[in-house]
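Report on the structure given below.
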Amino acid sequence: MTTMTSAVALPPGPSVPRAVQGAYALTQPLRGMRRLKERYGDAFTVNVPIFGNAVVLADPAEIKQLFTSGPDLVDNLEVNLGRVLGPRSLFALSGDEHKRQRKLLVPPFHGRRLAAYERIVEAETVRELASWPDGKEFATLPSMMRITLNAILRAVFGAEGAEFAELRELLPPFVTLGSRLAVLPITKKGRFNPWRRFERMRRDYDAIVDRLIAKARPDGDDVLAMMLQTRYDDGSGLTRDEIADQLLTLLTAGHETTATTLAWAVERLRRHPAILRELGESDGLLDATILEVQRSRPVIDLTARQVKQDGFRLGRWTLPKGYNVLVSIALVHDDDAVFPHAATFDPHRFDGARPDLYQWIPFGGGTRRCLGAAFATMEMTVVLRTLLRDFTLVPTSEPGERWHSRGVAYAPAKGGRAVVRRRTGGEQ
């Protein structure tokens with residue numbers, strides 16, 4: 001049970017100035033976290049730009065307590081992805097308002113709706129794979145980006161024609177710039193500022209959304225149509241700003257992170273030929289393989305909360321109001337005490353067992369767990385199933401690709417390079 005007390009008890013941590021810690025966090029993000037854990041244990045205190053004073057957690061019991069604490073104790077950060085996704089996005093909302101909006105957005109991404117989206121994902125996968133070179137090495141990440149972008153555009157907007165083409169061109173640089181601005185301490189002041197370019201892109205996006213809203217069919221089965229039909233308990237509908245911000249959130253969260261995980265899946269599978277052979281012989285291992293890729297190569301490292309009441313007791317610690325709490329996903333996933341032989345890529349660890357959602361946390365957790373987790377899982381399953389059905393993925397003995405920060409997400413540094421052979425009729 002969570003209790004409140006006035007005495008502050010923080011975990012140990014580095015004492016160097018914020019600027020020095022910030023430079024270290026930007027240049028050595030994952031390695032830096034691992035070194036801090038080695039030195040201070042599975043909880044430590046940092047002081048870095050954007051997050052300020054923060055406690056980093058890597059203990060599953062304390063993570064569970066954090067995720068299950070109510071919004072009166074811990075809730076959304078004051079500085080959050082709402083800076084780039086908009087003030088009405090789920091990332092920006094807190095408390096009852098977050099709960100109310102989330103309730104409206106859950107239905108389109110679960111149950112029977114997913115079956116309809118599967119057909120879209122497979123069609124986009126087949127279309128993209130048709131361009132893959134036979135026997136020649138290439139980076140798969142750009143292809144995965146196109147598949148997930150086209151699929152989410154069709155699922156969310158039912159977009160076709162001019163708006164579809166405009167969004168396909170606008171969103172990749174828009175998302176890339178937004179991802180970088182989200183993690184860099186850059187103010188919005190000054191004429192020559194990347195925020196100015198971002199704001200121009202946002203105006204272009206809003207204009208396209210306005211046209212799509214005007215053209216939306218009331219009986220459509222895409223997410224935009226459902227959002228236009230949905231109503232709060234008082235009978236009111238979503239405003240235009242709410243729709244635009246939430247759609248941008250869905251497009252961003254459902255595009256880059258899923259594509260990056262798929263590129264990591266290719267990178268991992270090429271270096272584990274025994275797993276590749278098993279996947280060719282049975283469909284049963286595919287789900288476990290996706291879980292293991294997400295465990296061993298999580299594309300997002302941090303999920304966060306902010307303390308809302310003074311003297312919040314969290315496991316061994318007592319935190320003051322205003323402190324941020326960061327959960328390091330990679331530190332938990334890399335812990336041998338949580339996942340035995342954690343450095344080994346082994347999908348069999350998930351055979352017949354669903355992961356503990358306070359230990360396996362690529363989608364975050366609690367009331368802020370990724371809304372599109374089921375959609376993303378379906379998408380990764382369909383893409384990999386189609387890839388392995390139509391192509392032989394050629395193994396490699398090259399070292400694993402390094403982690404490369406794209407702003408918010410960590411991608412394989414060489415783009416998940418692959419060599420494939422197209423399967424002929426009847427080949428298994």
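Values below: all heavy atoms of this structure, side chains included; hydrogens, waters and symmetry mates excluded. Every value quoted in this text rests on a predicted model; they were computed, and no experiment measured them.
Residues Thr260 and Pro412 are in side-chain contact: their nearest non-hydrogen atoms beyond the backbone lie under 4.5 Å apart. Between Arg211 and Glu166 there is a side-chain heavy-atom pair separated by less than 4.5 Å. With a 4.5 Å cut-off on side-chain heavy atoms, Leu66 and Glu62 do not count as touching. Put simply, the side chain of Thr344 does not reach to within 4.5 Å of the side chain of His272, judged on heavy atoms. Tyr117 has its side chain out of reach of Val382: every pair of non-hydrogen atoms, C-beta onward, lies at least 4.5 Å apart. Put simply, the side chain of Tyr40 reaches to within 4.5 Å of the side chain of Pro14, judged on heavy atoms. Side chains of Pro71 and Thr367 form no contact here, defined as non-hydrogen atoms less than 4.5 Å apart. Looking at Leu269 and Ile275, their side chains come closer than 4.5 Å, going by heavy atoms from C-beta outward.
A cation-pi arrangement is not found for Arg295 relative to Trp360, the charged atom failing to lie both closer than 6.0 Å to the ring centre and inside a 45° cone about the ring normal. Arg406 forms no cation-pi arrangement with Tyr410, by the criterion of a distance under 6.0 Å to the ring centre and an angle within 45° of the ring axis.
Judged purely by atom type and a 3.5 angstrom limit, Arg422 has no side-chain atom pairing as donor or acceptor with the backbone of Pro133. A side-chain donor-acceptor contact under 3.5 Å links Thr140 to the backbone of Gly416. Using modelled atom types, one side-chain atom of Thr45 and one backbone atom of Pro11 make a donor-acceptor pair closer than 3.5 Å. A donor-acceptor distance shorter than 3.5 angstrom exists from the side chain of Glu242 to the backbone of Thr239, with no hydrogens or angles considered. Put simply, the side chain of Asn53 never gets that close to the backbone of Tyr323: no donor and acceptor are under 3.5 Å apart. Listed for the Thr230 side chain is no donor-acceptor partner under 3.5 Å among the backbone atoms of Met226. Between the side chain of Gln246 and the main chain of Arg88, a donor-acceptor pair closer than 3.5 Å is present. A distance-only check finds a donor-acceptor pair linking the side chain of Gln65 to the backbone of Gly315 [under 3.5 Å]. A distance-only check finds a donor-acceptor pair linking the side chain of Thr148 to the backbone of His255 [under 3.5 Å]. Put simply, the side chain of Arg271 gets close to the backbone of Glu267: a donor and an acceptor are under 3.5 Å apart.
Salt bridge status for Asp245 with Arg202: present, with a side-chain N to carboxylate O gap under 4.0 Å. Between Arg240 and Asp206, at least one side-chain nitrogen of the basic residue sits less than 4.0 Å from a carboxylate oxygen of the acidic one, meeting the salt-bridge criterion. Ion pairing between a basic and an acidic side chain is recognised when a charged N comes within 4.0 Å of a carboxylate O; Asp334 and Arg34 show such pairing. Looking at Asp134 and Arg421, a side-chain N of the basic residue comes within less than 4.0 Å of a carboxylate O on the acidic one, giving a salt bridge. The pair Asp75-Arg305 does not meet the salt-bridge criterion, since no charged nitrogen lies less than 4.0 angstrom from a carboxylate oxygen. A salt bridge does not link Arg316 to Asp59: none of the charged nitrogens lies less than 4.0 Å from a carboxylate oxygen. With respect to Arg349 and Glu292, a salt bridge is recorded, a charged nitrogen being found less than 4.0 Å from a carboxylate O. Under the 4.0 Å criterion applied to side-chain N and carboxylate O atoms, Arg100 and Glu97 are assigned as salt-bridge partners.
Considering all non-hydrogen atoms of both residues, Val383 and Val121 come closest at CG2-CG1, 3.8 Å. The shortest heavy-atom contact between Ser89 and Thr249 is CB-OG1, 2.9 Å. Scanning both residues, Leu248 and Leu171, for their nearest heavy atoms gives CD1-CD2, 4.3 Å. Of all heavy-atom pairs spanning Met33 and Phe44, the tightest one is SD-CZ, 3.8 Å. When all heavy atoms of Trp317 and Pro12 are compared, the pair lying nearest together is CH2-CD, 4.4 Å. Residue Pro395 comes nearest to Leu276 through the heavy atom pair CG-CD1, 4.3 Å, listed as atom of the first residue, atom of the second, then distance.
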Report task. Verify side chain to side chain contact (heavy atoms under 4.5 Å, CB included) between Leu314 and Leu57, making sure each step is shown before the conclusion. Result -> CA-CA 10 Å; Leu314 179 60; Leu57 295 183; 3.7 Å; yes
Report task. Starting from the C-alpha separation in whole Å, work towards a yes-or-no answer on side chain to side chain contact (heavy atoms under 4.5 Å, CB included) for Leu36 and Val56. Result -> CA-CA 10 Å; Leu36 288 170; Val56 179; over 6 Å; no
Query - Pair Val332-Tyr358, side chain to side chain contact (heavy atoms under 4.5 Å, CB included): steps then yes or no - result: CA-CA 9 Å; Val332 181; Tyr358 302 110; over 6 Å; no
Query raised in the report: Could you walk me through whether His333 and Gln359 pass the side-chain hydrogen bond (donor to acceptor under 3.5 Å, both in side chains) check?
Result: CA-CA 7 Å; His333 288 189; Gln359 300 177 353; over 6 Å; no
Requested in this report: Could you walk me through whether Leu149 and Val175 pass the side chain to side chain contact (heavy atoms under 4.5 Å, CB included) test, one step at a time?
Outcome: CA-CA 11 Å; Leu149 177 59; Val175 170; over 6 Å; no
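Between the CG atom in Leu153 and the CG atom in Asp222 there is a gap of 11.5 Å [rounded to 0.5 Å]. Atom CD1 of Ile152 is separated from atom CD of Glu256 by 13.5 Å, given to the nearest 0.5 angstrom. The CG atom of Asp287 sits 10.5 Å away from atom CE of Met380, with the distance rounded to the nearest 0.5 Å. Between atom NZ of residue Lys64 and atom CG of residue Leu357 there is a gap of 10.5 Å, rounded to the nearest 0.5 Å. With values rounded to the nearest 0.5 angstrom, Glu379 atom CD is found 10.5 Å from Leu384 atom CG. Residue Leu167 holds its CG atom at 4.5 Å from CD1 of Ile208, rounded to the nearest 0.5 Å.
Only one option out of Arg146, Arg168, Arg119, Arg154 pairs with Glu124 in a salt bridge (charged side-chain N to carboxylate O under 4.0 Å, His left out); it is Arg154. For the pairing with Leu302, the side-chain contact (heavy atoms from CB on, under 4.5 Å) check across Asn324, Leu326, Val327 returns one residue only, Leu326.
When the shell of 6.0 Å around CZ of Arg369 is examined, it contains more than 12 heavy atoms from other residues, nucleotides or ligands. Enclosure of atom CD in Glu199 by more than 12 non-hydrogen atoms of other residues, nucleotides or ligands within 6.0 angstrom is indicated.
Lys215 is linked by a side chain to side chain donor-acceptor pair (under 3.5 Å) to Glu163, counting only residues two or more places apart in sequence or in another chain.
Ring planes of Phe174 and Phe198: tilted class, angle from 30 to 60°.
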